[in-house]
Amino acid sequence: MFNEVSPFVLPDKPVEECGVFGIYGPGLDVARLTYYGLYALQHRGQESAGIAVADGRHVELKKGMGLVPEVFTGHSMDRLTGHVAIGHVRYSTTGASQPLNAQPLVFRYAKGMLGLAHNGNLTNVAELKSMLASTGSVFQSSTDSEVLVNLIARYNANSLEEALMKCMIDVKGAYSLLIITEQNLYAARDPHGFRPLCLGRLADGYVVASESCALTTVGAAFIRDVEPGEIIRIDQNGITSTQGIKAPSPAHCIFEYIYFARPDSTMDGFNVNRVRREMGRQLAREYPVDADIVIPVPDSGIAAARGYAEESGIPFEEGLMKNRYIGRTFIQPTQQMREIGVRLKLSPIREVLNGKRVVLVDDSIVRGTTSQKIVAMLREAGAREVHLCISSPPVIRSCYFGIDTSDEHELIAAQQPLEEIRRMINADGLHYLSLEGLLGLFNPRSDHFCTACFDGRYPVEVPKPKESGKFSLE
Ligand code: SF4
């Protein structure tokens, strides 16, 4: 899951796979606005980036491996001119990390040119690929997104909306999609609304993005979220909405609020920072600890730690400093120097920790390796007690909808009881937020979320888990 090209995450976290950004704006520099939009979504994918621009006759594409500013340098955007654009940032799990799999995907077919950017994972891709291959389709990349392109090309007899409606019947799983033709911008969201997608307005155009933070960055006003199962066309006449497929009860990914999304984003009616703070408050109600200070694991634990501190009355302190300058060129430590990996990213503040009973707040535990190292680090810096409070329930199942959460045999909570995990990471106490407590924060829409990685209740059928291996913290 963690490798040399994941500079922004600790090696023990779920990883978001993609972010998408699209703009329709005659008279605007749509390529540069897309570039800035992708910058705001960089946390959703750091392995590749791309922008496709259409000018009424042609779709031009630039994409490559690396962060947004690494892919788009100097004058590399000068040829990206037009009135409509889509962009994509990617972290790969479906399909290898290689230039061919970077998005947007741009194709020429019977009706002209088409560019596609996809966030999410399809769950029936093997079946669809074999159906398409048996009737003559060829695939250039190993991404599931190419299946969508083939289906759209196959079904587009009358209109792109009609093609997307037919695709929505065939395709299962998670997709927040942006598509450009030579003329128009289209957006579509799967019927469960797994991955976020929202719509904004500029003075002279419209923007669609994975998260509202990207709208804010380019100066667009938030209009609304794209509804589950909805297809939106944006053209010279403005916005046209079609319900592409009947939507069941929504199943928005609850992990977006726990860890992935930027705190300044608001998605499906809930602000991420506010939700995280409430998670911390709820955690403090469920697990009051007799302690001297509350500290977060930065950055994703900060809001929940503040909430815990507010509710418990225990002072909030910054006890760990994060090094924000570990980039792609960071050379991973050798086997003998593994401890350095975490220490480079996080460093304890002895003056804060020495002699203290500490509540350490983190957003999640996946494999437990990082938690173990952080607890050891706090003890070395003089912490008298370390109580680890996690602002999410235990992660016990893999995700099949666009998040890399590791295989089940690597998930510590799927393999070990609570007391054993506490012992393995050497904490004085270990507490997870309850699923009921988490969902209660979204009342009265508590049933609008996917919680499958916590309870195994997948909203759609998923492939069988991979073969189990032996769990180890090593
Ligand atoms: Fe999100 Fe977990 Fe559902 Fe995946 S399984 S969509 S990570 S809540």
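Just so you know, ligand 1 is whichever comes first in the structure, and atom 1 is the first atom listed for that ligand. As the structure is a computational prediction, the values presented were derived from the model and not from experiment. FYI, side chains are in, hydrogens and waters are out, and symmetry mates aren't considered; it's all heavy atoms of this structure.
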Undergrad: Has Cys253 got an N, O or S atom lying less than 2.8 Å from atom 1 (Fe) of ligand 1?
TA: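 Yes, since at least one N, O or S atom of Cys253 sits under 2.8 Å from atom 1 (Fe) of ligand 1.
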Undergrad: Under a plain distance cut-off of 3.5 Å, with no hydrogens placed, do Arg154 and Ser137 share a side-chain donor-acceptor pair?
TA: yes
Undergrad: Hey, which atoms in ligand 1 end up nearer than 4.0 Å to a heavy atom of Ala452?
TA: 5 (S)
Undergrad: Just need the protein heavy atom nearest to atom 4 (Fe) of ligand 1, so name the residue and atom and give the distance.
TA: Cys399 SG, 2.2 Å
Undergrad: Considering only the protein, which heavy-atom contact is closest to atom 5 (S) of ligand 1, and what is its distance?
TA: Cys453 N, 3.5 Å
Undergrad: Atoms of ligand 1 less than 4.0 Å from Ile254 heavy atoms?
TA: 8 (S)
Undergrad: side-chain contact (heavy atoms from CB on, under 4.5 Å) for Val297 and Val361? Distances and angles first, verdict last.
TA: CA-CA 6 Å; Val297 176; Val361 179; over 6 Å; no
Undergrad: So, do Arg44 and Arg90 sit near enough that their side-chain heavy atoms are less than 4.5 Å apart?
TA: no
Undergrad: At less than 4.0 angstrom from any non-hydrogen atom of Phe401, what atoms of ligand 1 do you find?
TA: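 Matching atoms, with element in brackets: 6 (S).
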Undergrad: Mind checking whether atom 4 (Fe) of ligand 1 has an N, O or S of Cys450 under 2.8 Å?
TA: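 It does not; every qualifying atom lies at 2.8 Å or beyond.
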Undergrad: Side chains of Tyr155 and Asp170 only: does a donor on one sit below 3.5 Å from an acceptor on the other?
TA: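 Their side chains do contain a donor-acceptor pair, which is all the 3.5 Å distance test asks for.
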Undergrad: Could you check Arg189, Lys246, Arg224 and say which one makes a salt bridge (charged side-chain N to carboxylate O under 4.0 Å, His left out) with Glu230?
TA: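 Of the listed residues Arg189, Lys246, Arg224, the salt bridge (charged side-chain N to carboxylate O under 4.0 Å, His left out) partner of Glu230 is Arg224.
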Undergrad: Atoms of ligand 1 less than 4.0 Å from Ile403 heavy atoms?
TA: 7 (S)
Undergrad: Check the side chains of Gln103 and Ser145 for a donor-acceptor pair under 3.5 angstrom, ignoring hydrogens and angles.
TA: yes
